[in-house]
Participant: 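Please find one structure pasted underneath; my questions will follow.
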Amino acid sequence: MIYLDNSATTKPFTEVIESFQKVSERFYGNPSSVHQFGTDAEALLRKAREQAATLLDVSPEEIIFTSGGTEGNNMAIKGIAFAHQNRGKHIITTQIEHPSVLDACKALETLGFKITYLPVNNMGCVTVEDVENAITDETILISIMHVNNELGSVQPIEEIGDIAAKYPKLFFHVDHVQGLGKVDLDFKKSKIDLCTVSGHKIHGLKGTGLLYVKRATTLFPLFHGGGQERGFRSGTENLAGAVSFVKALRLIKEAQISNKMKLKTLNDKLRNCLEAGEEVVINSPVNGAPHILNFSALGYKPEVLIHALEEKGFYISTKSACSSKDADESAILTACGFGFDRSSSALRISLTYENSIDEMITFCEAFHDVINSVLK
Amino acid sequence: MKSIYLDHAATTPIHPEVINDMVPVLEETFGNPSSIHQYGRKARQILDVARDVIAKSIGANEKEIIFTSGGTEADNLALIGSAYANMDKGKHIVTTMIEHHAILHAAEFLEKQGFTITYLPVNENGRINLDELSSALTDETTTVSVMHVNNETGMVQPIKEIGELLREHQAYFHTDAVQAYGVLPIDVNKLGIDLLTASSHKINGPKGLGFLYVKDGVRIDALQYGGEQERKRRPGTENVAGIKGFQRAVELLNNTREEKVQTHQMFLDLFLKILETEGISFSINGDRDHAVSSIINISFPGTNVESLLTNFDLAGIAASSGSACTAGSVEPSHVLSAMYGDSNERTTNSIRFSFGLANNREDIEEAAMRVASIVQRVKR
């Protein structure tokens, strides 16, 4: 069985599971308790926060542990909108964001916010000029993902950050869920104010993640209560989750360094081999993230191919769950200007550092077999 | 010296069987339940089974369970979500002065948004008065939120009576059952409950997980937006392994609740008896005829909370002055203030002891002896 759906979720690293287990058993105290069980838990939480900060090159007080990417994105977008609406009610985002960003923005529209959904070019990228032109006196937030989850296109975050920085009353949020551990992002150099990451996309546990909140940034909290996480995120801290998340973060960063060109090599192999088939059009841009390859098998129903591949032991996906009138149509591919044929027949392969070149070759063979045996 | 954990109302140790059930899911069934392939379908099956077991534990059906990241999120979702979804019916909410901060601070937020909140008082026995609830209700009231068991005192509110009172009223009945779920049998239909909050880490499950029961037909708005998970009422990739662990914790409850409650009662009787035998003067906060046996709040006249807790901690006794969720501070308890008045000395000399999985009979005896000797020592 070869799992090639690592953008949907990943298999937790063994070390991550071990650390979750160990912390759950040994440090069960509530970090807010003032006795030894609590202070031990609190000390470990502090250490995890410091390590996360070091790995992301930020300060510990800029780390807010969350229950995952959706919460991080909602907290950032709703949090900035509600805390700073007196300065303006305009938000800029793109047409290709994850539903947790798009739907949070749509909800804000019903509350009187104005949202600009920037288009993307046929490489799946916004242009820096479009971002700059969209900024008005009312703009309080720009929210743009780093790596697109369906296509792997990489947005010009650093350049957008330079522009955002010219407008002091504007905050810059980046959804880095798909990029973490695969495509470098320097939070400070890119002048990012808020950045979402998730545990289960980097071989950590589901239900874990963090939001980077740059010092002196105020956010309206999503939940009210005990005031944990500096008041930004009330609720008893998931200590074992946080520690295991930081472990995953360290391991994925190490894997990224020691396998520098690996994903790119695998991706190129796949791309060349799939492209050889007449029915296949590659949708992912050549300069995209190395772990994602999106392609269309024109005329084939994606679900049929997925299940046929599954029978051969390969697990890939179609588009991610997002709102589109046609069940098969990808809103992201449509936004790229690809025609209906292409946007309704897309498949996504997403890799991890543990994949091998042999797996790519056997996948390609299986794919061509399937194409030849399945009716259009 | 052995440390003795008497703070199970703050959080509980995870049960070994819970961890044992989680690990294989993490190792093998790691798929995203929204994926259409086998990895996804297997993860989905785990979710479905867990949802069913958990729903049945409160007499609900599986469509009525929304998994959340914990009690705080579920309380916020219940109170804020129902307030916004039902604004066409009114903007008045009734709750009590002794709720957890997840409710009180969510209510304060709603006040700022133009909602009117009535905070019902409690009498000295720690319970609300049904007549006061009845007269607080208006045509504008959309939600009544009363906790089932108070986290600081263990006092049980008249949930069934509140449910009956609200049967003929438009208002939804929400109860924060975080402290009750592990020790009291709950049937949402018999009790007339529309919304119910529970948390995993209070019942020997993993942290970062809870659920909100939302009765079929009850309208709530989501607090978060995104994917289609949890019927769009709580998006985000499901914490499958955690939910499997939660299921196991609930099954353990189902099988051992009565036995556990008897053990807690035995611990409690023993603890109090030793304090008495040692000649400690103390009084119990609240009315023990309406309390759970796992939580007791004791006032030690002539002492103060901070020195007691510091000395307990040095002696290896983990207890608390109330809610751990007041992020490290030892402020006068809002619950005891509501019961006895701000200036009553009970608000500054009371300690909460809560029993559970980490304890055995010897621990309780040893803890009571240590507590007695410290109280004697620090007494002014």
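Heavy-atom basis, side chains included; hydrogens, waters and symmetry copies ignored. Every chain is numbered from 1, with letters handed out A, B, ... down the list of sequences. All of these numbers come straight from a predicted model, not from anything done at the bench.
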Participant: May I ask you to name which of B:Pro235, B:Ala358, B:Gly70 has the most heavy-atom pairs under 4.5 Å with chain A?
Facilitator: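 When all of B:Pro235, B:Ala358, B:Gly70 are compared, B:Pro235 has the most.
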Participant: State whether the side chain of B:His105 and the backbone N or O of A:Gly225 hold a donor-acceptor pair below 3.5 Å, judged by distance alone.
Facilitator: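 Side chain of B:His105 to backbone of A:Gly225: a pair is present.
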Participant: Tell me whether B:Lys207 contacts the main-chain N or O of A:Tyr28 through its side chain, where contact means a donor paired with an acceptor under 3.5 Å.
Facilitator: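 Yes, B:Lys207 side chain to A:Tyr28 backbone: donor-acceptor pair under 3.5 Å.
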Participant: A:Gln21 side chain to B:Ile19 main-chain N or O, any donor-acceptor pair under 3.5 Å?
Facilitator: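 The answer is no, because no donor-acceptor pair under 3.5 Å joins these two groups.
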Participant: Contact part of A:Thr10 toward chain B, heavy-atom cut-off under 4.5 Å: side chain, backbone, both or neither?
Facilitator: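 Just the backbone, heavy atoms under 4.5 Å.
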Participant: Just give me the residue among B:Thr68, B:Asn32, B:Thr29, B:Val23 that pairs up with chain A most often, heavy atom to heavy atom, under 4.5 Å.
Facilitator: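 Among the listed options, the one with the most contacts to chain A is B:Asn32.
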Participant: Just so I understand: if I count every heavy-atom pair under 4.5 Å between each of B:Ser199, B:Gly31, B:Ala107 and chain A, which residue has the most?
Facilitator: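 Winner by heavy-atom pair count: B:Gly31.
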Participant: Side chains of B:Phe312 and A:His35, heavy atoms from C-beta outward: is any pair under 4.5 Å?
Facilitator: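 Of all side-chain heavy-atom pairs linking A:His35 with B:Phe312, none is under 4.5 Å.
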Participant: Is it the backbone or the side chain of B:Ala319 that comes under 4.5 Å from a heavy atom of chain A, or both, or neither?
Facilitator: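 Just the backbone, heavy atoms under 4.5 Å.
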Participant: Is there a donor-acceptor contact under 3.5 Å from the side chain of A:Lys78 to the main chain of B:Tyr225?
Facilitator: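 No, because the side chain of A:Lys78 does not come within donor-acceptor range (under 3.5 Å) of the backbone of B:Tyr225.
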Participant: So which residue, B:Ala102, B:Pro16, B:Gly316, ends up with the most heavy-atom pairs under 4.5 Å with chain A?
Facilitator: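 Option with the top pair count is B:Ala102.
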Participant: Could you tell me if the side chain of B:Lys232 sits less than 4.5 Å from the side chain of A:Asp103, heavy atoms only?
Facilitator: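 With C-beta onward as the side chain, the pair touches.
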Participant: How are the rings of B:Phe109 and A:Phe220 set relative to one another: parallel (under 30°), tilted (30 to 60°) or perpendicular (over 60°)?
Facilitator: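 B:Phe109 vs A:Phe220 ring planes: tilted.
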Participant: Measure distances from A:Glu310 to the heavy atoms of chain B and classify the residue's part below 4.5 Å as side chain, backbone, both or neither.
Facilitator: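 Contact with chain B: side chain only.
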Participant: List the atom of A:Glu303, the atom of B:Ile36, and the distance in Å for their closest heavy-atom pair.
Facilitator: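 Looks like CG-CD1, 3.3 Å.
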Participant: If you take all heavy atoms of B:Ser35 and A:Ala8, which pair is closest and at what distance?
Facilitator: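 Shortest heavy-atom contact: OG-CB, 3.8 Å.
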Participant: Give the minimum heavy-atom separation between A:Ser33 and B:Asp7, together with the two atoms involved.
Facilitator: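 The answer is OG-OD2, 3.5 Å.
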Participant: At a heavy-atom separation under 4.5 Å, does A:Glu237 approach chain B through its side chain, its backbone, both, or neither?
Facilitator: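 Backbone only.
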Participant: Give, as side chain, backbone, both or neither, the part of A:Asn238 having an atom under 4.5 angstrom from any heavy atom of chain B.
Facilitator: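 For A:Asn238, backbone and side chain are both near chain B.
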Participant: Is the closest side-chain heavy-atom distance between B:Ser69 and A:Phe223 below 4.5 Å?
Facilitator: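 They are in contact (side-chain heavy atoms under 4.5 Å apart), so the answer is yes.
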Participant: Side chain, backbone, both or neither: which part of B:His15 has a non-hydrogen atom closer than 4.5 Å to chain A?
Facilitator: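 Looking at B:His15, nothing touches chain A.
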Participant: Grab the two heavy atoms, one from A:Leu205 and one from B:Leu26, that are nearest each other, plus how far apart they are.
Facilitator: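 Shortest heavy-atom contact: CG-CD2, 3.7 Å.
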